[in-house]
Amino acid sequence: MNSKVLKLLNPKIVFNEKTNLDNMIVTKDFNSVPLYQVIYLLSRYYLQADNISNSIDREVLSKKEVAVKEQEKTERVYAQICNSMKYRMTEYERIRYEDRVKKQITQLVQKGFRQISDVNYIEVFKEEIDYIHKINNLELEKLVFSILCYIKYNIKSGKSNSHWCNSLPKNYFESANLKKTRNEQNLMLRELIDMGLIKVSFKISNLSFEAVFIEDLEKIEHKTTAYTIDNFESLGMLYLKFIGNNIISCIECGKLTENKKNEEWVLCNSCKRKEKYKNYKSMKSIVCSNCGKIFLADMKANNKTRCDKCQYDFRKDTHSKYNQKRNNDKSN
């Protein structure tokens, strides 16, 4: 499954929310922001506007009436998102994303959402980096740095005023560039608990934890050098850069990567793979099995038999038949 589809339900931190929204609404240009962020921002934007005219009084209405109102609100917001996304139809496929986008809107309606903020950056001080570096375990240091950045963002954006981390633990590991299984994540969190850096909730089903080490960082006086952070995609690499490792940006995509050979420029792993096969890439002509038109495709696309339009219609029809069969099975 496409990684962008998965990100819809769990978007990463978005900076410049208000500015990005204003630019998108006015210029109708969605290409400057990743797709999953566009849908996340639009969901909150239209919900915020819809709540003004169609608020749900949960104390007066029954549970059944509240559920109906929530469903109506979800459908209204989803229709507005689809209407806006027609300016980005080259990447957005309504049939493909419908269930997940509606699920995200429903979650925002039921659990509530914070107002649109406009946080441009967060600041991390050199003294805080030095405190984290004393852990003397690089992977744990990356994880603690990632947790610190999330808490600073939550406080600055008004999402939370406490030191509790309420996001899924995997978010901190992904931002810290740590590819770990669930068991490995639990073991690393257990180490932080034993070191007294974090404290878990007493409720077993609650995955939240409190970052106790923030209290020690707040006691540090005379903080000098401040590092500004405006992207949470590679916090692990950013931490390595702050402690003195040779980390530079990929010359193609700008992603932070390690410069082990002290070269003037480097390529990240994904760009290296593209560069490796760039010379061998060529196009071939294929006759569409549906409409009979000739179209161009990658030489390695051995399973491609339909043009883009016919492929979209085929996927739409297949998806519709699948939903119909699923509904019939449920009714039986």
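- The two residues Leu256 and Ser249 make their nearest non-hydrogen contact at CD2-OG, 3.8 Å.
- For the atom pair Cys250 SG and Leu267 CG, the distance stands at 5.0 Å (nearest 0.5 Å).
- Phe213 and Leu138 fall within a single hydrophobic cluster, where Ile, Leu, Val, Met, Phe, Trp and Tyr are joined by side-chain heavy atoms under 4.5 Å apart, directly or via other members.
- Note: the hydrophobic cluster containing Met195 does not contain Leu187 (ILVMFWY, side chain heavy atoms under 4.5 Å, direct or indirect links).
- When side chains are defined from C-beta on, Leu192 counts as touching Val144, because their heavy atoms get closer than 4.5 Å.
- For Lys223, the NZ atom sits in a packed shell: over 12 heavy atoms of surrounding residues, nucleotides or ligands are nearer than 6.0 Å.
- In this structure the side chain of Asn120 never reaches within 4.5 angstrom of the side chain of Asp230, judged on heavy atoms.
- Side-chain atoms of Lys152 come within 3.5 Å of backbone atoms of Glu123 as a donor-acceptor pair (strictly under, hydrogens ignored).
- No more than 12 heavy atoms of other residues, nucleotides or ligands lie within 6.0 Å of CZ in Arg182, so this atom counts as exposed by the packing criterion.
- Between Tyr153 and Tyr121, the ring centre distance reaches or exceeds 6.0 Å.
- Using a 4.0 Å cut-off between charged nitrogen and carboxylate oxygen, Arg190 and Asp194 count as a salt-bridge pair.
- Between the side chain of Glu70 and the main chain of Thr106, no donor-acceptor pair closer than 3.5 Å is present.
- The closest side-chain heavy-atom distance from Val77 to Leu42 is not below 4.5 Å.
- With hydrogens and angles left out, the side-chain atoms of Glu233 and Ser175 include no donor and acceptor closer than 3.5 Å.
- Under the 3.5 Å distance criterion, the side-chain polar atoms of Asp317 are left unmatched by any main-chain donor or acceptor of Asp313.
- Side-chain contact of Glu128 with His133: a donor-acceptor pair under 3.5 Å is absent, judged by distance alone.
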#### Entry: Test log, rule salt bridge (Lys or Arg N to Asp or Glu O under 4.0 Å), inputs Lys134 and Asp130
CA-CA 7 Å; Lys134 292 178 183 177; Asp130 294 339; over 6 Å; no

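- Side-chain contact between Glu72 and Lys69: present, with at least one pair of heavy atoms (C-beta onward) separated by less than 4.5 Å.
- The line from CZ of Phe209 to SG of Cys165 is 4.0 Å long, rounded to the nearest 0.5 Å.
- With contacts defined as side-chain heavy-atom distances shorter than 4.5 Å, the pair Glu139/Ile135 does not qualify.
- Side chains of Asn171 and Tyr150: no donor on one and acceptor on the other come within 3.5 Å.
- A distance of 10.5 Å separates CD1 of Ile286 from SG of Cys307, quoted to the nearest 0.5 Å.
- Under the 3.5 Å distance criterion, the side-chain polar atoms of Thr257 are left unmatched by any main-chain donor or acceptor of Cys268.
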#### Entry: Test side-chain contact (heavy atoms from CB on, under 4.5 Å) applied to Cys149 and Ile122, step by step
CA-CA 8 Å; Cys149 292; Ile122 62 168; 3.8 Å; yes

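- We find the CG-CZ distance between Leu235 and Phe173 to be 13.5 Å, quoted to the nearest 0.5 Å.
- Tyr131 contributes atom OH, which lies 9.5 Å from atom NZ of Lys219 (distance to the nearest 0.5 angstrom).
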### Check against side-chain contact (heavy atoms from CB on, under 4.5 Å), Val212 and Leu197
CA-CA 5 Å; Val212 182; Leu197 296 176; over 6 Å; no

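- When all heavy atoms of Glu127 and Ile220 are compared, the pair lying nearest together is CB-CG2, 3.8 Å.
- Inter-residue side-chain proximity for Phe145 and Ile229 is flagged as met; some heavy-atom pair is nearer than 4.5 Å.
- Taking the ring axis of Tyr78 as reference, the NZ or CZ atom of Lys102 stays within 45° of it and closer than 6.0 Å to the ring centre.
- Under the 6.0 Å distance and 45° angle rule, Arg306 counts as a cation-pi partner of Phe314.
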### Query
Between Thr181 and Glu184, is a side-chain contact (heavy atoms from CB on, under 4.5 Å) present by the stated rule, with each step listed?
CA-CA 5 Å; Thr181 63; Glu184 291 172 336; 3.3 Å; yes

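- The two atoms that bring Pro169 and Leu189 nearest to each other are CB-CD1, 4.1 Å, heavy atoms only.
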What donor-acceptor contacts under 3.5 angstrom involve side-chain atoms of residues 237-246, with partners at least two apart or in another chain?
from	atom 1	to	atom 2	distance (Å)
Tyr239	OH	Glu141	OE1	2.6
Asn246	ND2	Asn259	O	3.4
Asn246	ND2	Asn262	OD1	2.7

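- In this structure, the separation between CD1 on Ile155 and OG on Ser162 is 7.5 Å, given to the nearest 0.5 Å.
- Criterion: ILVMFWY side-chain heavy atoms under 4.5 Å apart, direct or through other members. Under it, Tyr172 and Trp164 are not part of a common hydrophobic cluster.
- Counting heavy atoms from C-beta outward, Leu178 and Lys142 have side chains that approach closer than 4.5 Å.
- Test Glu218, Glu215, Glu210 against His163 for side chain to side chain donor-acceptor pair (under 3.5 Å) and you get one pass: Glu218.
- The hydrophobic cluster containing Tyr227 does not contain Ile248, counting ILVMFWY residues as joined when their side-chain heavy atoms lie under 4.5 angstrom apart, directly or transitively.
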### Verdict with supporting geometry, Asn137 and Glu191, side-chain contact (heavy atoms from CB on, under 4.5 Å)
CA-CA 11 Å; Asn137 183 319; Glu191 287 188 62; 4.3 Å; yes

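- Annotation for Val287: hydrophobic cluster partners, listed by chain and number, are Ile294 (ILVMFWY side-chain heavy atoms under 4.5 Å, direct or chained).
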